[in-house]
2 protein chains.
Amino acid sequence: MREDSLTQINRRQQGLHDRVEVRCADCPIRYRAVCAQCESDELTQLEQIKFYRSFDAGQPIVWEGDRMDFVASVVTGVASLTHTMEDGRTQMVGLLLPGDFLGRPGRDRAAYNATAVTKVVLCCFRMKPFEEMMRQTPHISHRLLEMTLDELDAAREWMLLLGRKTAREKIASFIVIVARHEAALQKLQPAGWMELELPLTREAMATYLGLTLETVSRQVSALKRDGVIELKGKRKVILPDFARLMDEAGDDADGGMLD
Amino acid sequence: MREDSLTQINRRQQGLHDRVEVRCADCPIRYRAVCAQCESDELTQLEQIKFYRSFDAGQPIVWEGDRMDFVASVVTGVASLTHTMEDGRTQMVGLLLPGDFLGRPGRDRAAYNATAVTKVVLCCFRMKPFEEMMRQTPHISHRLLEMTLDELDAAREWMLLLGRKTAREKIASFIVIVARHEAALQKLQPAGWMELELPLTREAMATYLGLTLETVSRQVSALKRDGVIELKGKRKVILPDFARLMDEAGDDADGGMLD
DNA sequence: CGTGGTGTTGAACATTTTCAATCAGCGTGG
DNA sequence: CCACGCTGATTGAAAATGTTCAACACCACG
């Protein structure tokens with residue numbers, strides 16, 4: 001473990017926060033997060049109630065049932081939301097990427113476990129002032145509604161995957177989603193030849209897909225054997241033909257692009 | 001098929017609507033629907049843009065990809081949202097009960113199939129005027145956000161069920177949900193001895209639970225054999241001990257009651 | 001009294017999980 | 001430099017779970 005992350009943990013344990021001063025105008029998620037529609041005066045207001053927190057890969061962010069007096073945007077990194085049964089079976093119910101929103105206004109206890117999958121930086125807002133701002137500025141609540149509806153769509157898409165797809169289709173679907181996201185960052189449609197990096201371990205993929213890690217491993221191997229994907233190390237994937245992968249995912253041609 | 005429902009279908013096919021005049025103040029879902037927080041002057045406004053439509057059990061309401069120029073509240077009855085793959089596998093992704101909202105402001109095409117499970121009455125609002133009202137009255141968009149967040153929670157709870165629960169646990173969970181809803185209507189906590197009616201056929205339950213109808217039938221029989229439930233006909237269920245059922249559902253004791 | 005919709009049950013089969021062994025990469029310390 | 005141990009990943013064989021296909025039961029309705 002590196003020195004600086006140790007320092008961070010200590011700071012966190014003491015209840016202190018990183019006082020990095022990043023101006024909202026320069027924020028990498030300026031046009032994707034809950035603040036996307038805010039005017040500059042509204043950003044000024046947000047700047048006064050925001051603070052940053054960072055988490056190393058693997059660290060818990062909040063635990064199911066914990067008191068939670070803030071909401072946050074993911075600035076960088078990947079976090080997961082998981083639900084766990086008494087006997088330990090766990091299911092990932094959300095994957096939070098940069099711009100995604102964590103927490104629920106009006107609820108003071110976390111409904112899920114949130115965990116940093118990679119190193120994560122959050123832009124946090126204390127609950128009360130944020131709720132006050134929501135009342136005053138329709139831009140925030142409007143954007144939050146929009147984002148929540150998108151998340152609901154994603155959750156429903158995932159229900160189809162969990163309920164009806166085979167293990168092979170689940171793996172293919174997951175890679176398609178990662179490829180889509182990758183392509184979207186470069187403002188392209190995913191197509192033809194692509195190279196990408198899986199952001200999750202086999203175990204995290206299993207938790208996401210409702211499978212065991214062994215089945216994930218087997219099906220990844222099978223897709224490789226059948227030439228649908230190539231592997232470069234454990235995490236880097238090469239797609240010789242995106243359309244072929246889509247086919248394996250069992251989605252309609254348009255792939256559920258709704259907007 | 002009864003005369004009057006035939007008449008209704010004809011009216012619908014001609015693009016006409018039921019002009020039943022129900023005052024919002026007397027509406028059975030007045031305090032649960034998207035209009036729950038509206039003041040009386042806002043209700044007056046809503047009354048001017050609303051119209052009712054009804055559907056017999058089994059009828060489609062909208063089809064995935066269809067143009068949809070309205071949003072609606074379910075007034076009475078039960079409707080389902082389903083997603084279907086090219087080869088016919090289908091998964092229910094939402095169950096709409098009285099008060100629930102159908103459609104998405106700002107989207108003009110349906111993302112899912114919506115079907116009437118029982119006879120359904122919808123209170124519809126044309127998209128454009130509704131969106132205009134959302135901009136003007138924060139009560140509506142605030143309530144819609146709240147409802148959407150609730151639905152997202154429900155969807156995530158369902159993801160745990162679909163991804164990790166056994167067939168037996170799925171059936172038990174479903175009955176628990178129906179029992180909860182039943183109890184909530186009478187403003188009670190579900191407990192002890194209860195009697196209730198399943199709103200879905202075995203096939204619809206299978207679609208909801210990510211199972212085949214045979215597996216549903218077998219597991220219902222198994223729960224009966226083991227004394228967890230009793231059957232009165234095919235649809236009526238008696239719960240000798242709600243806690244026992246909860247146990248079979250594999251939920252935590254609190255059962256995910258979050259608010 | 002036959003018919004269609006709905007539900008139940010059985011037996012063979014397919015898929016996924018479980019348990020266990022092994023491997024690959026990588027940083028550490030001798 | 002190399003053996004060591006750790007984590008993440010792969011593979012195999014046996015077992016469990018759910019599906020598929022098929023037969024049949026129940027019952028409301030014409």
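Numbers restart at 1 for each chain; the letters A, B, ... are given by sequence-line order, proteins then strands. Because only heavy atoms are used, hydrogens play no part in the values below, and waters and symmetry mates are left out as well, while side chains stay in.
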**Study point:** Test salt bridge (Lys or Arg N to Asp or Glu O under 4.0 Å) applied to D66(A) - qualifying residues, sequence neighbours left out
**Key:** none

Practice item. Rounded off to whole Å, could you give me the NZ-to-P distance for the K224(A) and dT10(D) pair? Key: 8 Å

Exercise for review: Report the residues that fulfil salt bridge (Lys or Arg N to Asp or Glu O under 4.0 Å) with R225(B), sequence neighbours left out, ordered by chain and then residue number.
Suggested key: none

Practice item. Verify the contact: side-chain N or O of S221(A) to OP1 or OP2 of dT11(D), cut-off strictly under 4.0 Å; return yes or no. Key: yes

Exercise for review: Specify the separation, in whole Å, of atom CG of L231(B) and atom P of dG7(C).
Suggested key: 11 Å

Point to revise | Straight-line distance of F101(A) CZ to C123(A) SG, nearest 0.5 Å | key: 10.0 Å

Review point. Who passes salt bridge (Lys or Arg N to Asp or Glu O under 4.0 Å) against R244(B), sequence neighbours left out?
Key: E248(B)

Can you give the donor-acceptor pairs under 3.5 Å from side chains of residues 209-216 of chain A to other protein atoms, not counting sequence neighbours?
unit_1, atom_1, unit_2, atom_2, d
T212(A), OG1, T215(A), N, 3.3
T212(A), OG1, T215(A), OG1, 3.0

Practice item. Remember a base hit wins even if backbone is also touched, and classify R89(A) as base, sugar-phosphate or nothing at under 4.0 Å, heavy atoms. Key: nothing

Every protein N/O within reach of nucleotides 18-26 of chain D N/O, cut-off under 3.5 Å:
unit_1, atom_1, unit_2, atom_2, d
dG18(D), OP1, A167(B), N, 2.7
dT19(D), OP2, T212(B), N, 3.4
dT19(D), OP2, T212(B), OG1, 3.3
dT19(D), OP2, T215(B), OG1, 2.4
dT20(D), O4, R218(B), NH2, 2.7
dC21(D), N4, E214(B), OE2, 3.1

**Study point:** Atom pair distance, as rounded to whole Å: NZ in K236(A) and P in dG25(C)
**Key:** 15 Å

Return all side-chain donor-acceptor pairs below 3.5 angstrom for residues 227-243 of chain A, not counting sequence neighbours, or 'none' if the list is empty.
unit_1, atom_1, unit_2, atom_2, d
K232(A), NZ, E195(A), OE2, 3.3
R235(A), NH1, L198(A), O, 3.2
K236(A), NZ, E197(A), OE1, 3.2
D241(A), OD1, A243(A), N, 3.1

Check your understanding: Heavy atoms under 4.0 Å, any strand shown: does T201(B) hit a base, just sugar-phosphate, or nothing?
Key -> sugar-phosphate

**Study point:** Presence of R235(B) side-chain N/O under 4.0 Å of dT6(C) phosphate oxygens OP1/OP2
**Key:** no

**Study point:** Qualifying residues under salt bridge (Lys or Arg N to Asp or Glu O under 4.0 Å), relative to R218(A), sequence neighbours excluded
**Key:** none

Check your understanding: Listed by chain and number, what are the side-chain hydrogen bond (donor to acceptor under 3.5 Å, both in side chains) partners of T166(B), not counting sequence neighbours?
Key -> E169(B)

Review point. Please give, in whole Å, the distance from dT10(D) P to R225(A) CZ?
Key: 14 Å

Study note, to complete from the structure: note: L213(A), atom CG; dT10(D), atom P; distance rounded to Å ~ 9 Å

**Study point:** Nucleic acid contacts - residues 170-178 of chain B versus DNA chain C, non-hydrogen atoms under 4.0 Å
**Key:** none

**Study point:** Interatomic distance where CE belongs to M205(B) and C1' belongs to dT6(C) [whole Å]
**Key:** 13 Å

Check your understanding: Out of curiosity, I177(A) CD1 to R180(A) CZ, how far, rounded to the nearest 0.5 Å?
Key -> 7.5 Å

